[in-house]
> 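One structure follows; several queries about it will come next.
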Amino acid sequence: MNDVRHMLRAVELAERGCGRTRPNPPVGAVLVKGGRVVGEGWHRKCGGAHAEVEAIESSSVSPKGGVLYVTLEPCSRAGRVGACTDAIVRSGVKKVVYACQDPNPANRARARRILARHGIECECWAKSLDAEEREAAGLAWRRLMRPFAKHVTTGLPFVTVKLAMSLDGRICDRGGRSRWISGTAARRETAKWRERADVVMVGAETVRADDPSLLCHTRRNDFLYRAIVSRSGRLPRKAQVFTDGAKGRTLVYRDAVEAVKDLGRRGFMSVLCEGGLSLARSLADAGFVDEWVTIVAPLAIGSRNIGGATRFGACSSASYGDDVMVRCLGKGVS
């Protein structure tokens, strides 16, 4: 189980780089020697040191004879920085355990061949796990790799659609306002998703009705872009997305399909679509939605505004096959 512990730590480190490494994947690495962790690293941004190099260079002892745990097969070609396989060979590490192979067909399994020629043992962790280890690990690294794998194989970003809706199926009130449908805890959790995204996308009506900033408020992310889809192109020029300190990171498109294709060409790997419903439908119709997340809030909006909506409590949920049942009791019902 030590392998699981070390790899999960590498995943934790990799997550620190999410949303900041494009077009490279977020990667974490842990160097172990004599049964203890002696070095750690993660890829912080494109053009910076890769996780393997950071872990080796941060080692408190000589890395010679150590075992390197890394969330992705090490890169084997020099790009903006040197190949990680070269750094590993120079370090004297005796074994490399990586969570999964490089999804890029041009590089897949290449690192293993190079390192094997230098007597360095390689192990693809995903292939060696037994059932118990798989459950313990939760295959956490797969979530990290999905955007990079999608982009490197198709040229398109990984698209997540997130919608908050009421019990009666509304995503906004009669005035078109969608802000504050979900509660504080849900907003706090989903706000973290912007930390890991390359782009937050919304439709024109969301900008007109809510004037959102679409920035990350839990942890500053100066790499985050905003994409606005407006068929008419008529948008309020005083909106936050055009006037705040990140206005240079706002892109406007007339069409959702072209937006996704252009974002892929620009090297963006992950897009978080936060509204509205017509935009989400356009993405779904084009087959671009890779993940759909719906937050069901315990309130019934009806024809009222959100502030006057009927709120329920004592919620519970259960899964029935692919369906999820949400049950909420009214106030005063025991």
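Quantities reported herein were computed from a predicted structural model and do not represent experimental measurements.
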> Assess the residue pair Glu258 and Lys261 against the criterion (salt bridge (Lys or Arg N to Asp or Glu O under 4.0 Å)); give the C-alpha distance rounded to whole Å, side-chain angles, the decisive distance to 0.1 Å, and a yes or no.
CA-CA 5 Å; Glu258 179 53 35; Lys261 291 180 178 179; 5.6 Å; no
> Is Ile171 reachable from Val207 through a run of hydrophobic residues whose side-chain heavy atoms are each under 4.5 Å from the next?
no
> Under the ring pair (Phe, Tyr, Trp, His ring centres under 6.0 Å) rule, collect the residues that match up with His43, sequence neighbours excluded.
His50
> With sequence neighbours left out, which residue pairs that include part of residues 192-202 fulfil the salt bridge (charged side-chain N to carboxylate O under 4.0 Å, His left out) condition?
Arg22-Asp198, Glu189-Lys192, Arg194-Glu274, Glu195-Arg219
> Compute whether any side-chain donor of one residue and acceptor of the other, for Thr85 and Arg110, lie under 3.5 angstrom apart.
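Short answer, no.
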> Near His118 NE2, under 6.0 Å, is it more than 12 heavy atoms from other residues, nucleotides or ligands?
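Not buried by this count: 12 neighbours or fewer within 6.0 Å.
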> Could you walk me through whether Arg146 and Asp290 pass the salt bridge (Lys or Arg N to Asp or Glu O under 4.0 Å) test, one step at a time?
CA-CA 9 Å; Arg146 284 170 183 157; Asp290 299 290; over 6 Å; no
> Set out, in order, the CA-CA distance, both residues' side-chain angles and the distance that settles salt bridge (Lys or Arg N to Asp or Glu O under 4.0 Å) for Asp102 and Arg77, then state yes or no.
CA-CA 12 Å; Asp102 192 326; Arg77 303 176 190 272; over 6 Å; no
> Let's go through Arg281 and Asp285 carefully: what are the C-alpha distance in whole Å and the side-chain angles of both, what is the deciding distance for salt bridge (Lys or Arg N to Asp or Glu O under 4.0 Å) to 0.1 Å, and is it a yes or a no?
CA-CA 6 Å; Arg281 285 172 175 164; Asp285 288 344; over 6 Å; no
> In terms of side-chain heavy atoms, does Thr250 have a donor or acceptor partner in Arg226 at a distance below 3.5 Å?
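A pair is found: one side chain offers a donor N or O, the other an acceptor, under 3.5 Å apart.
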> Which is it for Leu163 and Trp292 under the side-chain contact (heavy atoms from CB on, under 4.5 Å) test, yes or no, and what are the steps along the way?
CA-CA 8 Å; Leu163 291 175; Trp292 191 297; 3.7 Å; yes
> State whether the number of non-hydrogen atoms from other residues, nucleotides or ligands found under 6.0 Å of Arg220 atom CZ is greater than 12.
no
> Say you draw a straight line from OH of Tyr225 to CG of Leu263; how long is it, rounded to the nearest 0.5 Å?
10.5 Å
> Looking at OH of Tyr98 and CD of Glu52, how far apart are the two atoms once the value is rounded to the nearest 0.5 Å?
12.0 Å
> Are there over 12 heavy-atom neighbours, none belonging to Lys162, within less than 6.0 Å of that residue's NZ?
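Enclosed: over 12 neighbouring heavy atoms sit under 6.0 Å from NZ of Lys162.
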